[in-house]
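Working notes for the structure below.
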Amino acid sequence: AKGAGRNRFSFFTPALQEAAQTRVRLTHDLRSGLAEQQFKVVYQPIVNLQTGAVHKAEALIRWHHPKLGLVSPASFIPIAESSGLIVDIGEWVFQQAASQVLQWRQRLHPDFQISVNKSPVQFHHDDSHKATWADHLNALGLPGSSIVVEITEGLLLDTGTRVGDHLLELGDAGIQVSLDDFGTGYSSLSYLQKFDIDFIKIDQSFVKHLIPASTDLALCKAIIVMAHALGMKVIAEGVETALQRDLLIEAGCDYGQGYLFARPMAAEDLELYIQSR
Ligand code: C2E
Ligand code: CA
Ligand code: CA
Ligand code: CA
């Protein structure tokens, strides 16, 4: 109780005041950053663990701030979300990814897919007046299956909004859905059945400590068996070592993504990476 009393006054500490000022500053800079083309999309390959083929990649945003240098998405995405700017930023990332997948379907593989992260804020934003992602793909002559939307478990818990309808619309257009950071949220098994999920991404925290006979290996195996029983494919995130990869292959995991294979990279570099494999 004593501790709680002391914490009540912590709102007024200089450190927090400074943090608040930084947020205001960054919100302002994010807005101008989009107009001034300070953002870039990098791509990280997603490797088919059973065949070694790379026909998928995840789009990840990068921000080159004129004064601060490279700012991590982990620090600016939450600010973009709370300010609503994520709607415009997310739309921009999607359009970059759509143009890119059009080129890669011609140059690399006819079934190439790019995953795009979609924040819950984007789902809640009323975009009824706007063209949908499916329309945009259509206009480029691309099938829905050229894009995968990565969502997090929290979104599925969100009842009472149009999230379910949104996911159905994506599914109807052939756009696939991937459940990101699986295992870190609160989604129950019933949600996996209720929504049309195509891929489950095992969170990197479970992959990090993968060693033979570990509880993390047991967890990964259980997720893989369950996902397959429900007709979903599994992607392991944060694969950094050959041992992790081998254990995942043995466990029947479908895809792997991580520094062992490649870091996120510029589009040109991903092309070279795939061509040199
Ligand atoms: P995420 O969606 O879980 O993306 C995977 C993150 O793990 C990426 O960090 C990636 O660079 C990193 N990663 C990949 N392989 C490894 C590995 O082997 N080891 C380790 N330690 N890390 C690895 P990044 O690019 O910094 O992005 C962080 C988060 O920011 C993303 O997590 C995602 O939640 C968010 N984010 C990034 N781009 C976007 C975007 O365009 N839209 C939205 N809404 N969120 C984004
Ligand atoms: Ca993701
Ligand atoms: Ca589907
Ligand atoms: Ca993730």
Side-chain angles (χ1 to χ4, degrees), residues 30 34 39-47 56-63 70-98 100 113-125 134 143-145 147-155 166-185 192-210 230-233 235-242 244-245 248 255-265:
L30 273 175
L34 195 57
F39 294 99
K40 214 180 109 172
V41 179
V42 290
Y43 299 89
Q44 187 176 32
I46 297 173
V47 181
K56 300 183 199 298
E58 177 176 5
L60 294 158
I61 195 168
R62 293 291 176 265
W63 183 20
L70 198 62
V71 183
S72 150
S75 56
F76 76 81
I77 292 289
I79 296 172
E81 289 179 324
S82 59
S83 62
L85 281 169
I86 192 67
V87 173
D88 287 343
I89 292 173
E91 204 59 33
W92 178 80
V93 171
F94 163 70
Q95 287 178 12
Q96 297 293 305
Q100 194 59 64
Q113 276 185 321
I114 296 181
S115 310
V116 177
N117 293 284
K118 192 164 185 175
S119 154
V121 176
Q122 291 172 267
F123 279 91
H124 297 145
H125 177 76
S145 58
I147 291 289
V148 179
V149 172
E150 296 201 3
I151 60 168
T152 45
E153 291 170 271
L155 186 73
H166 261 115
L167 290 176
L168 277 178
E169 278 167 33
L170 290 176
D172 286 346
I175 297 176
Q176 294 192 304
V177 175
S178 194
L179 196 50
D180 209 350
D181 307 337
F182 186 78
T184 59
L192 294 182
Q193 259 192 323
K194 187 168 156 203
F195 300 102
D196 174 17
I197 309 282
D198 300 283
F199 300 95
I200 279 183
K201 296 188 85 168
I202 301 179
D203 189 67
Q204 38 194 65
S205 57
F206 299 101
V207 174
K208 201 173 186 144
H209 308 291
L210 266 190
L230 295 171
M232 307 171 202
K233 299 282 188 194
I235 302 169
E237 294 191 307
V239 182
E240 294 185 354
T241 70
Q244 291 164 352
R245 176 199 59 202
L248 286 161
Y255 299 93
Q257 180 181 351
Y259 297 166
L260 173 69
F261 305 109
R263 291 187 176 250
M265 55 184 119

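As the structure lists them, so they are numbered: ligands from 1, and atoms in each ligand from 1. Because only heavy atoms are used, hydrogens play no part in the values below, and waters and symmetry mates are left out as well, while side chains stay in. Residues: numbered from 1 along the sequence shown.
- For atom 27 (O) of ligand 1, the nearest protein heavy atom (residue, atom name, distance) is Pro73 CG, 3.6 Å.
- Atoms of ligand 1 found under 4.0 Å from any heavy atom of Gly258 (numbered from 1 in listed order, with element): 15 (N), 18 (O).
- In terms of protein heavy-atom proximity, atom 34 (O) of ligand 1 is closest to Asn117 OD1, 4.9 Å.
- At a heavy-atom cutoff of 4.0 Å, ligand 1 is contacted by the side chain of Asp180 but not by its backbone.
- Asp196 has its closest N, O or S atom to the Ca ion (ligand 3) at the position named OD2.
- Within Glu150, the N, O or S atom at minimum distance from the Ca ion (ligand 2) carries the name OE1.
- Of the candidates Glu240, Lys201, Glu81, the one placing a heavy atom closest to atom 19 (N) of ligand 1 is Glu240.
- Remark: ligand 1 and Ile61 share an N or O pair separated by less than 3.5 Å (distance only, no angle test).
- Under a 4.0 Å heavy-atom criterion, Arg263 is not in contact with ligand 1.
- Salt-bridge annotation for Glu58 and Lys201: present, with a side-chain N of the basic residue lying under 4.0 Å from a carboxylate O of the acidic one.
- Applying the 4.0 Å criterion to heavy atoms of Val93 picks out, from ligand 1, the atoms 41 (O).
- We find the CD1-CG distance between Ile235 and Asp198 to be 10.0 Å, quoted to the nearest 0.5 Å.
- Nearest non-hydrogen protein atom to atom 7 (O) of ligand 1 is Gln204 OE1, 3.3 Å.
- With a cut-off of 3.0 Å, the Ca ion (ligand 2) has no N, O or S atom of Glu237 in range.
- Rounding to 10°, one obtains 90° for the angle at the Ca ion (ligand 2) between OD1 (Asn117) and OE2 (Glu58).
- Residue Asp181 approaches ligand 1 through these ligand atoms, each under 4.0 Å from one of its heavy atoms: 3 (O).
- The aromatic rings of Phe39 and Trp63 lie parallel to each other, with less than 30° between the two planes, well short of the 60° mark.
- Because its NZ or CZ atom is both nearer than 6.0 Å to the ring centre of Phe123 and within 45° of the ring axis, Lys118 counts as a cation-pi partner of that residue.
- The Ca ion (ligand 2) sits nearest to atom OD2 when only the N, O or S atoms of Asp180 are considered.
- Close contacts between ligand 1 and Glu237 involve ligand atoms 3 (O) [criterion: under 4.0 Å to a heavy atom].
- For ligand 1, the atoms sitting less than 4.0 Å from at least one non-hydrogen atom of Gln44 are 14 (C), 15 (N), numbered in the order shown with element in parentheses.
- Of all heavy-atom pairs between Ile61 and Pro73, the closest is O-CG, 3.6 Å.
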